[in-house]
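Everything below concerns the one structure shown next.
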Amino acid sequence: MIMPEMLAGFMLYALVTSITPGPNNMMVLASGVNFGLTRSVPHIVGISIGFSIMVVLVGAGLSAVFDTYPVIHDILRCVGAVYLVHLAWRIATSSPLGRADDRTAQRPMGFLAAAAFQWVNPKAWIMALGAITTYLPQQTSIMGVAVLALIFAVVNAPCVGIWAIFGVGLRRLLTKPSYVGAFNITMAALLVLSLYPIVIS
């Protein structure tokens, strides 16, 4: 279990890592601009639950598999990099708001896709491994890992949701298609920039 004296520190860690910029928050921000808050909710929930499941599985011993077979982790990193570039391209080429075919041709990321994305998200790996190695004792039960994951879920969802709300606010300001196009290209560039930890490691 998490030691009581470590709980406050972990909650602060969860807050800071969840609310700071990263692939998830950049995509949710773009989703808020392009699709609104309601249609972005499955994306937000998918991130929170998918990441919590990831924390449980990593805490239950999956990290030991990567230690034994590091090539698996390397493959995941490469897949993640390619997928992030693909997502960046989709965001950059999104149709401007207001076009008739935009509502039918494009859809926000759904629950399952957002949950699965955590496994190729470099920031999610850093968050999960950092939390487990720092805030859990070396010998811990699966219950302790589950508590950690639950706290992460409770803290993570509102933090990610703030980015979607911010996107909705921007949506009201981005009244011209050219503004939305420039915003989408900027978000795509930031998403590609988030690959920096993969490149230098």
Side-chain angles (χ1 to χ4, degrees), residues 1-2 4 6-60 62-63 76 80 83-84 87-88 90-91 94 106-136 140 142-172 183-184 187-188 190-191 194 197:
M1 293 291 290
I2 303 175
M6 300 288 282
L7 185 58
F10 169 68
M11 293 183 73
L12 182 60
Y13 171 87
L15 173 66
V16 171
T17 54
S18 295
I19 206 167
T20 49
N24 281 326
N25 291 336
M26 290 299 100
M27 289 191 297
V28 168
L29 176 64
S31 184
V33 168
N34 289 286
F35 303 108
L37 180 60
T38 301
R39 296 184 68 193
S40 299
V41 167
H43 189 167
I44 296 167
V45 176
I47 290 170
S48 184
I49 293 179
F51 179 67
S52 296
I53 292 171
M54 178 183 182
V55 169
V56 170
L57 294 178
V58 171
L62 188 59
S63 58
L76 275 177
Y83 189 54
L84 277 173
L87 290 174
R90 285 185 56 190
I91 291 172
S94 293
Q106 297 182 42
R107 296 179 181 178
M109 181 175 281
F111 172 84
L112 291 178
F117 174 69
Q118 304 318 301
W119 292 95
V120 294
N121 180 356
K123 185 182 177 184
W125 279 105
I126 293 169
M127 289 169 62
L129 292 171
I132 290 165
T133 57
T134 304
Y135 296 99
L136 285 179
T140 189
I142 189 65
M143 183 61 68
V145 176
V147 169
L148 188 107
L150 179 61
I151 294 173
F152 244 134
V154 171
V155 173
N156 182 263
C159 289
V160 175
I162 287 172
W163 285 83
I165 293 170
F166 183 44
V168 172
L170 284 176
R171 180 181 181 134
R172 298 190 184 99
F183 171 83
N184 286 339
M187 289 299 99
L190 290 173
L191 194 56
S194 71

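Residues Cys159 and Leu15 share a closest heavy-atom pair of SG-CD1, 3.5 Å. In terms of heavy atoms, Met54 sits closest to Gln118 at SD-O, 3.5 Å. Here the shortest heavy-atom pairing between Met11 and Ile151 reads CG-CG2, 4.1 Å. Residue Leu148 comes nearest to Ala131 through the heavy atom pair CD2-CB, 4.1 Å, listed as atom of the first residue, atom of the second, then distance. Across all non-hydrogen atoms, the minimal contact from Ala128 to Val55 is CB-CG2, 4.0 Å. Of all heavy-atom pairs spanning Ala164 and Leu37, the tightest one is CB-CD1, 3.9 Å.
For the pair Met26 and Trp163, the minimum side-chain heavy-atom distance is below 4.5 Å. Looking at heavy atoms from C-beta onward, Trp125 lies in side-chain contact with Val58 at the 4.5 angstrom threshold. Counting only heavy atoms from C-beta outward, the side chains of Met127 and Ser18 approach each other to under 4.5 Å. The shortest distance between side-chain heavy atoms of His43 and Phe35 does not fall below 4.5 Å. Residues Arg39 and Pro108 form a side-chain contact, since some pair of their non-hydrogen atoms from C-beta on lies under 4.5 Å apart. Contact annotation: the side chain of Ile19 never approaches that of Val155 to less than 4.5 Å [non-hydrogen atoms, C-beta and beyond].
Residue Phe166 qualifies as open at atom CZ: its count of foreign heavy atoms under 6.0 Å is 12 or below.
A donor-acceptor contact under 3.5 angstrom links the side chains of Thr20 and Lys123, judged on distance only.
Looking only at distances, a side-chain donor or acceptor of Ser52 sits under 3.5 Å from a matching main-chain atom of Ala149. No donor-acceptor pair under 3.5 Å is formed between the side chain of Asn121 and the backbone N or O of Phe117.
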Under the side-chain contact (heavy atoms from CB on, under 4.5 Å) criterion, do Leu170 and Leu29 qualify, and how do the steps go? CA-CA 9 Å; Leu170 284 176; Leu29 176 64; 4.1 Å; yes

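Every residue meeting the ring-ring contact (aromatic ring centres under 6.0 Å, His included) condition with Phe51, not counting sequence neighbours, appears here in chain and number order: Phe152.
Distance check, rounded to the nearest 0.5 Å: CG of Asn25 to CG of Asn156 gives 8.0 Å.
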